[in-house]
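Below: one structure, written as structure tokens.
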Amino acid sequence: MSYFSDIYKGIKTLLTGMSVTGGYFIRARKGAITQQYPDNRETLKMFDRFRGEVVMPHDADNRHYCTGCQSCEIACPNGSIEIIWDRAVDPETGKKKKKIDKHIYHLSMCTMCGLCIEACPTDAIVWAPNFENSVYDRSALTKVLNQPGSSVLDGIED
Amino acid sequence: MNFTQMIIPLNITKTISDWIYSIMPETAASYTIMVIIAVAYLALFAVAGLYLVLLERKVAAWFQLRIGPNRVGPWGLLQTMADALKLVSKELTSTIKIDKFLYNLAPYFVIVSALMAMAVFPFSEQFQAFDINIGVFFLIAISSIGVIGILLAGWSSNNKYALIGAMRSGLQTISYELSVGLSILTMVLLTGTLQLSEIIEAQRTGGWLILQGHVPSIIAFMIFMVAGTAETNRAPFDLVEAESELGAGFHTEYSGMKFAYFFLAEFINMFIISSIAVVLFFGGWLSPFGITENIVWFPQVFWFLIKVLGLIFLMMWFRWTFPRLRVDQLLTLEWKYLLPLNLMNIVLMAIVIWLNWTI
């Protein structure tokens, strides 16, 4: 009599499914996952893994971790990152060495693939949760990530 | 005009009808009243359909842990009104190689058959436009006319997806019509009448039919809800407009208000299936245990609508829980399970009535 046990099993599994969604229905008023964005703009906190844009964190003394090694520039699949560097004399050793001038990031071209961040040997660039990126002129989306007058933190290159 | 038992819900409508009879000859007056009632029903159910759409969207949102429309008007109450206004103002586009006449006719077939069925429902003791003695039969007949509209839409669109959708709809309706009819027949065995008002009267003393007929009634109710969901082409039986396979199915080529007619008809059909179930199983406008029977001012419509909305919620629950069936699964369910069970159930019901085992 597998015919009737099939019917019984069918009804039972359907009711299991309905109890799951019914539970969601009852809890929806409290546990809704919808963010009502413009209203909760002050309190809205994006989740950790959100990929908004690439930024370079600076510490209080305006120093960053970027050595200008160009790993990110090479890793970038569509040329969103350009590094402008020059050579300067290191005061301690007296040798000429590579030094970052500008870390240029074209947000308008970026596909948020994250390869630059994986490639960075010193973790100088990270994801920021900012997503309000609309501007009136697309040139505003070309950003210089290292702040003016900033320098690389000591001991990073060793 | 014997067949137009224009039963008037409130005293105010009685005043209006008296006034119309006083200023016109009798025949003209009865036709005028018919037209007025038709327009009133049309307006009422257009708005009811819109709010069912809103209800569906809200319920769907809550099933998916979302909030749902809440921007247009208080709690989003005007959302579907705004959508309807947008659809009315949109251009009606179509492709070149359509069959123009049938293409334009199809949406009216669907919506008119849906609205015609509304006429026979007893919303309360007096609020019934058309009380015929073959009411249940009329409902089954009318509700299967709608599929002709869907077939016409699919055929005249000259689009392979639309045609596949329409053919699936025909297949589905032919199959599940049997189950709907047989499960209704099971209940008709119990009442011994096809007139909707008398079916409700039979439940006034003996309790709702789902209790009177106990086991066979409950089986009939389950089969009716499954087959009714299939009849309205809603998920999990929405092969007709399976978005992932067929675009939008039979109404792929429709736009603007013609699309809105199909959309509205789906929701009115849902209301019809729920109303049939309420009349046949849950006592129509009768209050549970007769709690408001002696309160004169209490609207009987309230109980009718509460029960209908409960069943509509059940159908929405189905829709947002179960995945869509394949065509072979659809036919297996009908021909191998629902139909044999239904035939057994009719015999069971006959035995129950024969041996007086009804409660």
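Lettering follows sequence order; numbering is per chain, from 1.
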Inspect the surroundings of CH2 in B:W357 and state if more than 12 heavy atoms from other residues, nucleotides or ligands are less than 6.0 Å away. no
If every non-hydrogen atom of A:T34 is compared with every non-hydrogen atom of B:R66, which pair is closest and at what distance? OG1-CA, 3.3 Å
Step through the shown structure and confirm whether more than 12 heavy atoms of other residues, nucleotides or ligands are within 6.0 Å of OH on A:Y37. yes
From CA spacing to verdict: ring pair (Phe, Tyr, Trp, His ring centres under 6.0 Å), B:F63, A:Y24: CA-CA 6 Å; B:F63 272 125; A:Y24 282 144; 9.0 Å; no
Does B:F313 have its ring centroid less than 6.0 Å away from the ring centroid of A:F25? yes
Can you tell which part of A:I26 gets under 4.5 Å to a heavy atom of chain B, answering side chain, backbone, both or neither? neither
Residue pair A:T21 / B:W317: nearest heavy atoms and the distance that separates them: OG1-NE1, 3.1 Å
Tell me, yes or no, whether the heavy-atom count around B:R71 atom CZ, taken from other residues, nucleotides or ligands under 6.0 Å, exceeds 12. yes
Evaluate whether atom OH of A:Y65 has more than 12 neighbouring non-hydrogen atoms of other residues, nucleotides or ligands under 6.0 angstrom away. no
Of the backbone (N, CA, C, O) and the side chain (C-beta and beyond), which part of B:F322 lies under 4.5 Å from a heavy atom of chain A, both, or neither? side chain
Are more than 12 heavy atoms, taken from residues, nucleotides or ligands other than A:D48, located less than 6.0 Å from that residue's CG atom? no
What verdict does the side-chain contact (heavy atoms from CB on, under 4.5 Å) test give for B:L314 and A:M18, after you've listed the backbone C-alpha separation in whole Å, the side-chain angles of each residue and the deciding distance to 0.1 Å? CA-CA 10 Å; B:L314 189 66; A:M18 283 176 75; 4.1 Å; yes
Would the number of heavy atoms belonging to other residues, nucleotides or ligands and lying under 6.0 Å from NZ of A:K102 be above 12? no
Before accepting this row, confirm whether a basic side-chain N of the pair B:K336/A:D6 lies closer than 4.0 Å to the acidic partner's carboxylate O. no
Heaviest contributor of heavy-atom pairs below 4.5 Å to chain A, chosen from B:L65, B:I67, B:L341, B:N70, is B:L65
Report yes if the side chains of B:Q64 and A:I33 come closer than 4.5 Å at any heavy-atom pair, otherwise no. no
